[in-house]
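This is the structure I want to talk about, given as structure tokens.
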2 protein chains.
Amino acid sequence: MSERTAAGTDTSTGAGNASPAAVRPTIRMVADLAGVSTATVSYVLSGRGSGSKGPGVKEETTRRVRDAAEELGYRPNQAARAVRTGKTQTVLLSMTMLQDPWSLEVVEAVSAQARSHGLTPLIMADDDWNVALERTQADAVFIDAVKPAQRSALAGLASRGLKLVVFDSTVEPDGFDVVRSDDLRGCRELVDHLLDGWDDVACLGPGASRTDRGRAAAFHSALADRGRTAPENRVADIDGSPESAYAGALKLLTPEDRPRAIYATSDYIAISAVHAAQSLGLVVGKDIAIAGVGNTLAGERLSPALTSVGPRNLLGRVAELMVQLATDQRPVGELHDFPWEVWERASTGKPV
Amino acid sequence: MSERTAAGTDTSTGAGNASPAAVRPTIRMVADLAGVSTATVSYVLSGRGSGSKGPGVKEETTRRVRDAAEELGYRPNQAARAVRTGKTQTVLLSMTMLQDPWSLEVVEAVSAQARSHGLTPLIMADDDWNVALERTQADAVFIDAVKPAQRSALAGLASRGLKLVVFDSTVEPDGFDVVRSDDLRGCRELVDHLLDGWDDVACLGPGASRTDRGRAAAFHSALADRGRTAPENRVADIDGSPESAYAGALKLLTPEDRPRAIYATSDYIAISAVHAAQSLGLVVGKDIAIAGVGNTLAGERLSPALTSVGPRNLLGRVAELMVQLATDQRPVGELHDFPWEVWERASTGKPV
DNA sequence: TTGTAGGCGTTATCAA
DNA sequence: TTGATAACGCCTACAA
């Protein structure tokens, strides 16, 4: 390309190579080959040549254009298209903790929805997104967490025309959308439910995160409100990794006088606990009740299905929101609150 | 924007709102405000106004332009820039298994390098990348796996001008780069090394993947070549998850007559095994030797550091390659072979 | 040292 | 039903 052909004089030979060098065919070349104007090619190729919308193009012309495009291997230049239309056909997910399974569920949910609408989902893994988002031109951007120092940058990005969906409970809409989903009230509800049904409930977690610690606090305050405190052997702190969750669950469950129920501070921790219990020969939902937090897909799919607390279909609705924003089917700047509910499933005894 | 202001007549008021609507400032507005031409703005803002390269712009003018840009909150339109220059300042990582920790290491390594060169790293999580890559305009693309059906599409993408780096050992360069790193020979070397030093070696793994099964096979063939076969209680199949690795390791290590060394089919499995051993009170590197495969950062950072086998700094070199390709500092179409070596560390007894 | 002007590959508005 | 042609925002010879 920009390199000079090594020491050669004739650059265009090459034994009749089939590859058309690195010259990318443009819409004009297609037009020339098909014997029509670039406008017509544009109509045909952007699917606007037929249907009720655009200026119907004749069947025969359509075919000629398609053939020419095919023959040249034409692919539209997205950058040029974006300059003209202001759209990139792209949604961006800014994920600070890609190693977190929840992030992957978000990615999965939004990607599926986006793809089905012709949008390309892209991920940006950087907790310091300020710089990178300045440049992006995605049609909609999801931000999974905002650090205090970043809070002020959001409105600026939005005023630039970027459509932001911010998942954070410490922030108010201001030209961008906010998805809020308060977990603490829900956690408390779940713990109360467990304490009502089982006399001896243990807490597995928290892991390292602040979120987890808040969820563990809900356990202790629920106990406190009943005039009780948790014995030491009914609490297992872990570091957040699946293995340490597994190990922590073993520690809780191995002794003879094991608890009757386990409240885990996330679904993923709960899933590890279910596996640990099963490895000890316990029947989950009968010998031991286990519940998690988050109402994740992974928990719902587990066998036995995991009792949990969380919003109804949060991911699906976020995905839908992203698509609607990207396609201008919805105004920006709204607050979306997803209340939490308890989902009782087989892992605490209730059949599915 | 394209929505009409609800039932209102006057669209421009709004109580003297500070935000300049959603009209994005262009280079021309900056020029007008600074009282110079767009060319001068372009020179200044792309840093070409000073230095030996471009047409040195006067100090005073530079300042005026900078101020104007600042005041308007000007941000260059990447799409327009891309049309002109053919570069997007972006590298794309196509990752089929984002849940795999190795993928995250790739992301981490390439991202860091890319960012330090002013390139924005983006991730695409879709094992079916054919469609999406057709549209992308990234300056370089990393592909972490190619399914048989996708093999033929690679050359096509490359001939379109895309710079591809394909990580796959079943494919030859053809207008795109290939990174190859044969693990089997290395695995065999590691197993031989273990068998030389310890009489009783167990195998932890494989997980679900084909890669893992090949690595387990290396264990058995090494044994076979010495006229031995692995007793049943010296092999633990797992499903690839950290918990099952942990559980598998417990099963190997809990009985009195435990093996003296464990060969795990990946570093991540090995790390789970180290944790399991430690939870049993064993001193890894003394009571039990544990080795993994892949020579990952996570293993190197473990305590004790994990003996492993793998290429020297593969990720760093891949990252460098991506940047060089993206910035046209290197021709396309090369084969990069990264041979594997055994890295003996503290987890098998040798001090760091 | 700065400005003019042309062009990158599209899409969209007209007029034919 | 189709074709000229003017943008879109930016970069960059070249001229001044």
Side-chain angles (χ1 to χ4, degrees), chain A residues 1-2 22-65 68-69 72-89 135 137 160-161, chain B residues 1-2 22-65 68-69 72-89 135 137 160-161:
Chain A
M1 328 248 225
S2 73
V23 54
R24 236 183 117 170
T26 73
I27 203 174
R28 175 154 301 136
M29 301 184 197
V30 177
D32 288 350
L33 181 59
V36 299
S37 74
T38 62
T40 307
V41 176
S42 180
Y43 288 144
V44 171
L45 261 31
S46 50
R48 220 167 346 142
S50 49
S52 49
K53 291 292 199 194
V57 175
K58 219 199 303 179
E59 177 77 21
E60 146 82 14
T61 319
T62 300
R63 209 180 33 67
R64 276 220 314 281
V65 170
L72 293 175
Y74 168 79
R75 297 286 178 279
N77 180 324
Q78 297 298 328
R81 180 174 283 185
V83 173
R84 203 39 242 245
T85 64
K87 294 275 173 217
T88 58
Q89 308 284 60
R135 319 172 125 197
Q137 308 260 58
R160 231 197 58 199
Chain B
M1 330 245 222
S2 74
V23 54
R24 238 183 115 169
T26 74
I27 202 174
R28 174 155 300 136
M29 301 184 197
V30 177
D32 289 349
L33 181 59
V36 298
S37 76
T38 61
T40 307
V41 176
S42 180
Y43 288 146
V44 172
L45 262 29
S46 47
R48 222 164 342 142
S50 49
S52 50
K53 289 292 198 193
V57 175
K58 218 200 303 178
E59 176 77 22
E60 145 83 13
T61 319
T62 300
R63 208 178 36 65
R64 278 219 314 282
V65 169
L72 292 176
Y74 169 78
R75 297 288 177 281
N77 181 323
Q78 298 298 326
R81 181 173 285 185
V83 173
R84 214 20 255 258
T85 63
K87 293 277 173 214
T88 58
Q89 309 282 59
R135 320 172 124 194
Q137 307 260 59
R160 228 197 61 198

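In the text below, chain A, chain B and the rest are named by the order of the sequence lines, each starting its count at 1.
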Closest to the B/A39 side chain, choosing from C/dT10, C/dG3, C/dT2:
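Within the option list, the nearest is C/dG3.
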
Report yes if a side-chain nitrogen or oxygen of A/T26 is closer than 4.0 Å to either non-bridging phosphate oxygen (OP1 or OP2) of C/dG9; otherwise report no.
no

Start with the C-alpha gap between B/T88 and B/Q78, add the side-chain angles, then the distance that decides, and say whether side-chain contact (heavy atoms from CB on, under 4.5 Å) holds.
CA-CA 7 Å; B/T88 58; B/Q78 298 298 326; over 6 Å; no

Rounded distance in Å - CZ (B/R28) to P (D/dC8):
8 Å

Determine, step by step, whether B/N77 and A/Q137 satisfy the side-chain contact (heavy atoms from CB on, under 4.5 Å) criterion, reporting the C-alpha distance in whole Å, the side-chain angles of both residues, the deciding distance to 0.1 Å, and the verdict.
CA-CA 8 Å; B/N77 181 323; A/Q137 308 260 58; 2.7 Å; yes

Any A/R160 side-chain heavy atom under 4.5 Å of B/R24 side chain:
yes

Listed in order of residue number, which residues of residues 80-88 of chain A have a non-hydrogen atom at under 4.0 Å from DNA chain C?
A/A80, A/R81, A/R84, A/T85

4.5 Å side-chain heavy-atom contact, A/Y74 and A/L45
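With C-beta onward as the side chain, the pair touches.
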
At under 4.0 Å between heavy atoms, what does B/S46 touch on the DNA or RNA strands: base, sugar-phosphate, or nothing?
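Counting heavy atoms under 4.0 Å across all strands, no contact is made by B/S46.
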
Just the rounded figure in Å: distance from C1' of D/dC8 to CD of A/Q78.
16 Å

Between A/M29 and A/D32, does a side-chain contact (heavy atoms from CB on, under 4.5 Å) hold up when you go through it step by step?
CA-CA 5 Å; A/M29 301 184 197; A/D32 288 350; 5.7 Å; no

Give the C-alpha distance, both sets of side-chain angles, the deciding distance and a yes or no for side-chain contact (heavy atoms from CB on, under 4.5 Å) between A/V44 and A/T61.
CA-CA 9 Å; A/V44 171; A/T61 319; 5.8 Å; no

Ignoring hydrogens and angles, answer whether the base of C/dT13 and the side-chain atoms of A/Y43 contain a donor-acceptor pair closer than 3.5 Å.
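Yes, a donor-acceptor pair under 3.5 Å.
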
Describe, as an angle rounded to 10 degrees, how the axis at the first end of the helix from C/dT1-D/dA16 to C/dA16-D/dT1 is tilted relative to the axis at the last end, five pairs per end.
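Answer rounded to 10°: the end axes differ by 40°.
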
Just how far, in rounded Å, is C1' of C/dG3 from NZ of B/K58?
14 Å

Is the shortest distance from a Lys or Arg side-chain nitrogen in B/R63 or B/E59 to a carboxylate oxygen in the other one below 4.0 Å?
no

Looking only at side-chain N and O atoms, does B/T61 come under 4.0 Å of OP1 or OP2 in C/dT2?
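Yes.
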
Under 3.5 Å, side chain of B/R81 to main-chain N/O of B/Q89, donor-acceptor pair present?
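No.
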
Counting side-chain heavy atoms from CB outward, which of D/dC11, C/dT4, C/dT11 is closest to A/I27?
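Of the options given, the side chain of A/I27 lies nearest C/dT11.
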
Residue A/S37, side-chain atoms from C-beta onward, closest of D/dG3, C/dT1, D/dC11:
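Within the option list, the nearest is D/dG3.
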
Of the options C/dG3, C/dT2, C/dA5, whose atoms approach the side-chain atoms of B/V36 most closely?
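Selected nucleotide: C/dG3.
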
Kindly indicate whether the side chain of B/I27, heavy atoms from C-beta on, has any atom under 4.5 Å from the side chain of B/S42.
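Yes, at least one pair of side-chain atoms sits under 4.5 Å.
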
Considering only C/dT11, D/dC10, C/dG3, which nucleotide approaches the side chain of B/T40 most closely?
C/dG3

Given atom CG of B/N77 and atom P of D/dC10, what is their separation to the nearest angstrom?
5 Å

